[in-house]
Number of protein chains: 2
Amino acid sequence: MEKFKSLDVLKQQAILEAALEEFAEYGYDTASTNRIVKKAGIGKGMLFYYFNSKKELFHHLVSYSFDLVVKEYFNLVDLSERDFIERFKQASKVKLKAQTENRHVFNFIGMVMLEKELELPEDLQKQFKELQRLGYALLYEGIDKSLFKQEMDVEKTFNLIRWAIEGYQNELLRKLEGQKMAAIDFDPYWQEFYEYLDILKRSFYK
Amino acid sequence: MEKFKSLDVLKQQAILEAALEEFAEYGYDTASTNRIVKKAGIGKGMLFYYFNSKKELFHHLVSYSFDLVVKEYFNLVDLSERDFIERFKQASKVKLKAQTENRHVFNFIGMVMLEKELELPEDLQKQFKELQRLGYALLYEGIDKSLFKQEMDVEKTFNLIRWAIEGYQNELLRKLEGQKMAAIDFDPYWQEFYEYLDILKRSFYK
DNA sequence: ATTCTATTGACCATAGTGGTCGAAAGGTGT
DNA sequence: ACACCTTTCGACCACTATGGTCAATAGAAT
């Protein structure tokens with residue numbers, strides 16, 4: 001592991017990307033170390049010289065991805081915005097940027113979330129809980145509840161708005177999948193997104 | 001194939017269930033015919049006696065599942081209900097019943113939808129298109145648009161409501177996963193679900 | 001020249017794949 | 001009793017791929 005970290009950064013990157021992509025596509029069990037080294041352009045031996053086993057590599061990727069998401073996504077959202085929908089809009093922008101620049105990391109994390117029986121060591125479990133905590137705070141902390149219509153259950157309203165927005169984003173992602181994220185002009189989609197947000201505001205806010 | 005169809009119905013069922021479960025869990029490539037025969041309690045030879053290959057078995061499952069979903073779900077929804085949310089509520093009830101009684105089929109179809117590169121023969125493609133058409137009609141056909149606030153884009157409003165409801169259902173499924181569907185008392189969840197629907201109505205309807 | 005590190009890919013035992021096939025068992029009619 | 005056909009089994013096949021090792025190098029540093 002120290003071997004790996006004292007490596008040329010570009011080579012590190014190439015190996016990480018290759019491994020993230022492989023695990024994201026195949027899941028832990030079916031992922032192949034042979035394919036990883038081929039994609040990364042290194043000899044088979046090196047992978048086990050840097051990391052001692054497939055599992056160790058995987059754990060490193062998990063830790064690395066969690067850190068990256070916090071640094072490149074969670075920490076960049078402005079928590080002083082107290083309007084729920086505006087907060088969500090802002091978070092979406094930051095997230096899209098991070099996602100475009102780190103496709104494999106986000107896909108990898110998606111896979112980690114879905115994988116059924118997959119026990120992580122204590123420290124990664126802790127990192128995971130922290131990630132969940134931050135993700136929650138990102139959306140719900142410091143929100144001004146007085147913006148909503150009095151008679152509604154605020155928590156339920158939060159959820160409905162969240163599901164609606166996530167639904168839009170998932171559908172968009174599905175529609176755009178296969179295309180190079182970096183090559184897409186997102187402006188018309190942002191436009192459309194704002195129209196959806198507008199409807200939500202007019203429906204749920206006072 | 002005629003061999004299979006002229007088989008004791010219970011045995012047929014056992015084989016179908018075993019195969020559906022295996023494919024749903026592992027996807028086409030990673031699914032193992034060895035595990036299937038073990039689960040189904042038959043000898044290896046029989047599987048290839050009934051169906052000639054893994055692919056033929058898979059195609060049969062696809063066709064079987066599509067038919068079942070139409071018969072046990074789509075066809076049971078009352079299309080004369082013109083209130084969008086009421087229609088959705090009704091469809092949810094029917095779907096939950098079908099899903100409880102055919103867990104493996106629904107999981108299998110979910111897997112088929114997700115599988116990336118997976119080309120089906122012409123006839124199954126056609127069946128699939130038909131399924132999509134019916135699924136769309138199920139939600140959108142004959143809906144009374146005058147119930148919604150005039151100033152909103154109705155199609156966008158439909159989508160928001162759909163995403164919100166699907167979001168709730170997915171979250172609920174995730175929360176309940178692992179439990180025996182048949183053993184769950186759904187009443188409190190229906191209660192909660194209705195409260196969500198109520199908020200939606202009060203927010204989006206005139 | 002020597003020592004230490006980085007790098008390779010052929011190689012290993014192992015496990016699992018989809019599919020086959022000879023043999024046995026069961027059933028039916030004569 | 002026999003013959004004939006259908007059903008059932010699981011050992012077996014050739015093959016592919018796995019995670020991991022290691023002897024042999026090449027390069028750097030001293």
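Note: hydrogens, waters and symmetry copies are ignored here, and every other heavy atom, side chains too, is used. By convention in this document, chain letters (A, B, ...) are assigned in the order of the sequence lines, proteins followed by strands, and residues within each chain are numbered from 1.
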How is A/Leu47 classified with respect to the nucleic acid when contacts are heavy atoms under 4.0 Å: base, sugar-phosphate, or nothing?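 The residue A/Leu47 makes no contact with any strand.
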B/Ile42 CD1 - D/dC9 P separation (whole Å):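 From B/Ile42 CD1 to D/dC9 P: 7 Å.
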Atom CZ of B/Phe4 and atom C1' of D/dT6: how far apart are they, to the nearest Å?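 Whole-Å distance recorded here is 17 Å.
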Contact string for nucleotides 11-30 of chain D, one letter per nucleotide 5' to 3', B = base within protein heavy-atom range under 4.0 Å, S = sugar-phosphate only, - = neither, reads -------SBBBB--------
For DNA chain D, which residues of residues 10-26 of chain B approach it to below 4.0 angstrom with any heavy atom?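 The answer is none.
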Closest non-hydrogen atom pair between [X] and [Y], with its separation:
| X | Y | value |
| --- | --- | --- |
| A/Leu131 | A/Phe74 | O-CE1, 3.5 Å |
| A/Glu22 | A/Thr30 | OE2-O, 4.3 Å |
| A/Asp29 | A/Glu115 | N-OE2, 4.4 Å |
| B/Leu118 | B/Val112 | CD2-O, 4.0 Å |

Whether over 12 other heavy atoms sit under 6.0 Å from B/Gln132 CD: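 Above 12, so yes.
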Step through the shown structure and confirm whether more than 12 heavy atoms of other residues, nucleotides or ligands are within 6.0 Å of CD on B/Glu122.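 Incorrect, the count does not exceed 12.
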Does C/dA6 have OP1 or OP2 under 4.0 Å away from a side-chain N or O of A/Tyr50?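 For C/dA6, neither OP1 nor OP2 has a side-chain N or O of A/Tyr50 closer than 4.0 Å.
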Side-chain N or O of A/Tyr49 versus OP1/OP2 of C/dT5: is the shortest distance under 4.0 Å?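 Checking C/dT5 against A/Tyr49, no side-chain N or O comes under 4.0 Å of OP1 or OP2.
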Quick one: are the ring centres of B/Phe108 and B/Tyr64 less than 6.0 Å apart?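 No; B/Tyr64 has its ring centre 6.0 Å or more from that of B/Phe108.
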Does a side-chain N-to-carboxylate-O contact under 4.0 Å join B/Arg87 and B/Glu141?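 No.
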